[in-house]
Each structure stands twice: as structure tokens, then as C-alpha cells.
Protein chains: 2
Amino acid sequence: MSVEQPDMPELKIESGSGAETNVEPLKLGQRLREIRKNMQLTLEEASQKTGLARSTLSKIENEQISPTFTAVQKLAHGLNIDIPQLFAAPKNAMASGRRVLTRAGEGTSHPTSTYEHELLCTELANKRMIPFKTRVRARSFDDFTDWVRHEGEEFLLVLEGEVALYTEFYEPIALQEGDSMYYDANMGHGLISLSNQDALVLWVVAR
Amino acid sequence: MSVEQPDMPELKIESGSGAETNVEPLKLGQRLREIRKNMQLTLEEASQKTGLARSTLSKIENEQISPTFTAVQKLAHGLNIDIPQLFAAPKNAMASGRRVLTRAGEGTSHPTSTYEHELLCTELANKRMIPFKTRVRARSFDDFTDWVRHEGEEFLLVLEGEVALYTEFYEPIALQEGDSMYYDANMGHGLISLSNQDALVLWVVAR
DNA sequence: CAACAAAATTTCCTATAGGAAACTTAATTA
DNA sequence: TAATTAAGTTTCCTATAGGAAATTTTGTTG
């Protein structure tokens, strides 16, 4: 086992589809206003995008009327948001208006037998992506006891050296510096270095 | 460039963010009827559970009216289904068990006045992350007419050269090769090269 | 702080959603 | 097949959503 996995910052588990019992308050108007503000749109602009009248939008946001389903559709479509998102409780989102820096080599080190991970930008919680640079020490697929496999998607860019990406369902593939791959992380995967040097790759995981 | 891939249903190419103009169909009525039938409820029973009139339910199911949002809430609550499920636009997830390769320099080029983007791994649709390498041509912040700003989060790694990241709310910050940043993309941002060469960066966006 | 501009709200009217009851259709039984 | 009943639909009316324009509020500039 243990092809090690970089320990991901704490992730909240998705609330199961628990049977709700009471009518959610769900302030559609409020949420809509937030969304519009974030997009920096005036009512007029939102009106043009959605095809709904300024006045109507205003009333919806102020909870003076309950929009019809067709109105909601126009809203969602015009503002390019999907409907569930409109009704979903605000995500456990990363703090907005934030940025964080990690200087070269200053990430959080996380060594294992096959890889040496350097986690980047860890000071920021609740990120949608987990970026890390990895020094690939493994030289043979046998160095792994089993596939690494986890929820989400993974992007890979070779920074230095030459590697082979092993995945289930496919043949191993050789990658040179500058090559990149994107794959479903539920599919077993693992990297080895093909040269006698360790290789260096960038990995970004989205859960 | 493209690699071996086992025979699998062909993949949709990433849909450009073309502004759609007309409203999706989404037959709410039909879906509602299915759900009610599955629960083996008559209109009368559904009416009692939801507090909506028999006639109203009938009209909704037959798509003669477009229910208000409050009506939808009553429906969802009374029948114990959550709203997203009602709208269940088919998940739109990336095809599972897939991987895709982009060789160095083989991405899809996308030049602008200030940047030259090379989109990576575009053959795979519906990804959670959009990775691209960017050649930074801008030399001064004045080259930009306005902040770039969009939903989501952004990860940045400097591959070559030296850049300055400008963001709202913060001072510009100089980044050397190997430095990385992570930030809220709703916050205005822009990159310039600090040397007299173009700089090269990797960008990954999660919407 | 006056004067103007831009954004948001309110008004007023028309179109349409929602409910009660009448009506129609489907299913069951004598 | 008529009678009965239970399901679904339609009608008709009232309440309310949606749009155009007037009004108010908020923000800028001289």
C-alpha cells in the first residue's frame, strides 16, 4: 500500500443526501445579489444578460417576489451559474480576495520512499486545488506496492528529467521535460524516473 | 501528439465559453411526474404532502404553468427531494478512467496582446482544472486595460524568467523561476515580465 | 453642497400562477 | 353495460409575478 499520498489539507466531507425535514429558509434573493456583485454587474447589465427586467431582478433580490421557474432558468443561464449552485449552501470556500506565495524550495516537504513532495501554498485553506512539486525517486514500478488512487482529477507537468507515468487501463507512457498530462485520479497511477537522476514534476490535484 | 488511448467513446472537446443565447429546455414537469409516480402517489396525496393544490400540480406536470420558486420549495420539501436533484442536469463530469497527454509545445495556442497562452490537455472536456503555459509578453502594467477577474482560483508557477504579479488589494510582487502563488481569481490580477525576455509561467485555473 | 449621473427601487399595469370546484377520463364492480 | 369511484384535467376567479417607466437613492464632480 502506501504509495504515499501527499496529505491533503483537511477536506470537509460532502454532506450525504440526508433527508431534510424542515423547510430551508434559503434566501435566494440574498444569494443572487452576492453573485451579481461578485461579477460586478449592475442590475441593468444583469438584465441584459438574463432577459429579465431590471425591476424584476431588483424585486427578486429584495425578496419581494418569488421568481417563476422560467425566471430562475433565465437567471442561471444568463449569469452562467448552474441551478444547484444557486440553492446550495455557500461552499466552504477559500477566503476571498486572498493570495499566498511560496518561494522556490520553500514549500512544505513531505518525503516518502518513492517520492519527495513539496507542498505549495499551504498557508491558504480550503483551496480547490492542491499544488505540489515532487521529486521522483522511484526507478521501477516495482517500487510501488499498489496503485495510488483517489477522488478527483490530476494535472501533471514534467519540470526536469524524464519520467514514465503508469496508469491502470493504459500502457505506461514516457514523458519528457515540458510534457503534461491530465487524468482521472480514481484510476490507479504512479510515476517513476527514467534517467539515473531523480525527476522533478509539478502535480496539481483537484478533489 | 496524441497518444495511445484504449478504445473508448469519443470525447467531447472542451466547450469554449461561448455565450449561450437561449434557455435550456429542462422539463421540470416531466421529471416531477416521474418522481411522483415512483413514490406511488396520487395527485391528491402529493397535494396533501406539499400543500399545493391538485390542480396546480397537474398543471405543473403538464407544463402548463411555470411554478414559482416558493412552489418549487414546497414541492421539494413535501416530497422530500432536494432541489438540485430536481434540476439534475446530468452531472457533466469528466469522463472517468481517462487520461490525456500534451507534449511540450503541442498545446493549443491562444495569443493576446499581453500574453501568449498554450492551453494544455484540451482533448478532455469538463475538467475541473484548466492548465496552460503562458508566455508573458507584457512589460508594464499599463499594457493592461483593466484587471483580469473571474470566478475561481488560480495557481501560478514561474517556469522561466522573472515576473511581477499585480493583484488588487496587494502590492505587486516579484517572482523568480520556481516561485509559485495561489490566489482568488475574483481579485483582479495581471502578470508582466521583469526582464527583457518574455517570461514563461504555468497557470492552472479551477472554476 | 449644488448639480448631475448612475444605480436601485417603486409604481402601475398586464400577464400568468395558484386554488376551489366543476368536469372528464379511467378503472372497478354489480 | 350501467353504476360507482378514484384518478386526473379544465374552468373560472383571485393573487401575484413580470415589464416599462417614474421615482428615489447613491455616488461623482464642479
Side-chain angles (χ1 to χ4, degrees), chain A residues 22-81 83 86-87 97, chain B residues 19-81 83 86-87 145-147 149 151 168-169 186-188:
Chain A
N22 48 1
V23 183
E24 41 191 322
L26 191 48
K27 297 185 204 135
L28 177 66
Q30 210 171 292
R31 163 138 334 94
L32 177 59
R33 175 155 289 169
E34 276 171 25
I35 293 175
R36 179 173 63 82
K37 292 289 190 190
N38 273 340
M39 293 181 162
Q40 313 220 120
L41 295 175
T42 69
L43 285 179
E44 177 56 33
E45 291 165 325
S47 164
Q48 311 215 319
K49 282 182 185 294
T50 59
L52 292 168
R54 248 185 9 255
S55 55
T56 304
L57 292 173
S58 170
K59 286 181 238 176
I60 294 174
E61 290 191 355
N62 291 312
E63 251 124 52
Q64 290 172 16
I65 63 177
S66 172
T68 59
F69 176 64
T70 51
V72 172
Q73 278 192 117
K74 288 184 188 173
L75 264 174
H77 183 255
L79 300 183
N80 214 48
I81 48 187
I83 298 179
L86 253 182
F87 303 114
Chain B
E20 279 286 336
T21 50
N22 50 359
V23 183
E24 44 186 318
L26 190 50
K27 305 207 189 105
L28 178 65
Q30 212 168 292
R31 168 151 308 108
L32 178 59
R33 175 156 286 168
E34 277 172 24
I35 293 175
R36 180 174 64 81
K37 291 290 190 191
N38 274 339
M39 292 180 163
Q40 312 223 105
L41 296 174
T42 69
L43 283 179
E44 177 55 31
E45 291 165 324
S47 165
Q48 310 215 317
K49 282 182 185 292
T50 59
L52 292 168
R54 246 186 12 259
S55 55
T56 304
L57 293 174
S58 170
K59 285 181 246 179
I60 294 174
E61 289 190 355
N62 291 313
E63 253 127 49
Q64 291 173 15
I65 65 177
S66 171
T68 59
F69 175 64
T70 52
V72 172
Q73 280 192 116
K74 287 183 187 173
L75 265 173
H77 179 250
L79 301 183
N80 212 49
I81 50 187
I83 297 180
L86 251 182
F87 303 108
T145 45
D146 199 4
W147 290 115
R149 205 196 307 269
E151 234 329 292
E168 282 182 304
F169 321 136
N186 294 291
M187 177 172 63

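Every chain is numbered from 1, with letters handed out A, B, ... down the list of sequences.
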Checklist entry - Ignoring hydrogens and angles, does a donor from either the side chain of B/S55 or the base of C/dA20 sit under 3.5 Å from an acceptor on the other? => result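 Per atom types, the contact qualifies.
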Next on the checklist: At less than 4.0 Å, is any side-chain N or O atom of A/Q64 found next to OP1 or OP2 of C/dT10? Yes or no.
Outcome noted: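 True: A/Q64 side-chain N/O within range (under 4.0 Å) of C/dT10 OP1/OP2.
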Item to check | C/dA17 phosphate, OP1 or OP2, under 4.0 Å from B/K74 side-chain N/O | outcome: no
Checklist entry - Contact class for A/L57 (heavy atom, under 4.0 Å): base, sugar-phosphate, or nothing? => result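 It contacts nothing in the nucleic acid.
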Nearest to the side chain of [X], heavy atoms from C-beta on, is which of [options]?
{"X": "B/L43", "options": "C/dG18, C/dT10, D/dG8", "value": "D/dG8"}
{"X": "B/N62", "options": "D/dT9, D/dG18, D/dG8", "value": "D/dT9"}
{"X": "A/T56", "options": "D/dT9, D/dG8, D/dG19", "value": "D/dG19"}
{"X": "A/A53", "options": "D/dG19, C/dG19, D/dA17", "value": "D/dG19"}
{"X": "B/P67", "options": "D/dG19, D/dG18, C/dG18", "value": "C/dG18"}
{"X": "A/S66", "options": "C/dG19, D/dA17, D/dG18", "value": "D/dA17"}

What is the separation between atom [atom1] on [X] and atom [atom2] on [N], rounded to the nearest whole Å?
{"X": "B/R36", "N": "D/dA7", "atom1": "CZ", "atom2": "P", "answer": "10 Å"}
{"X": "A/K37", "N": "D/dT26", "atom1": "NZ", "atom2": "P", "answer": "12 Å"}
{"X": "B/L41", "N": "D/dG8", "atom1": "CG", "atom2": "C1'", "answer": "15 Å"}
{"X": "B/E61", "N": "D/dG8", "atom1": "CD", "atom2": "P", "answer": "8 Å"}
{"X": "A/L75", "N": "D/dA17", "atom1": "CG", "atom2": "P", "answer": "14 Å"}
{"X": "A/I65", "N": "C/dT14", "atom1": "CD1", "atom2": "P", "answer": "18 Å"}
{"X": "A/E63", "N": "C/dT10", "atom1": "CD", "atom2": "P", "answer": "14 Å"}
{"X": "A/I60", "N": "C/dT9", "atom1": "CD1", "atom2": "P", "answer": "12 Å"}

Checklist entry - Do B/P67 and B/L28 have side chains that get closer than 4.5 Å, going by heavy atoms? => result yes
Next on the checklist: With nearest nucleotide decided by heavy atoms, which residue, B/E44 or B/T68, maps closer to the 5′ end of DNA chain D?
Outcome noted: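 Final value for this comparison: B/E44.
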Checklist entry - Quick one: does A/E63's side chain have a donor or acceptor within less than 3.5 Å of a partner on A/G29's backbone? => result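 Yes.
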Checklist entry - Is there a donor-acceptor pair closer than 3.5 Å between any side-chain N or O of A/Q40 and the backbone N or O of A/K37? => result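 Flag not set: sc A/Q40 to bb A/K37 has no pair under 3.5 Å.
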Checklist entry - Which pair of heavy atoms, one from A/L79 and one from A/M39, lies closest together, and at what distance? => result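 The pair with the smallest heavy-atom distance is O-CE, 3.0 Å.
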Checklist entry - Stepwise, does the side-chain hydrogen bond (donor to acceptor under 3.5 Å, both in side chains) test hold for A/Q48 with A/E44? => result CA-CA 6 Å; A/Q48 311 215 319; A/E44 177 56 33; 3.0 Å; yes
Checklist entry - When the nearest nucleotide of DNA chain C is assigned to B/K59 and to B/R54 on a heavy-atom basis, which residue is associated with the more 5' position? => result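 Its nearest nucleotide being more 5', the pick is B/K59.
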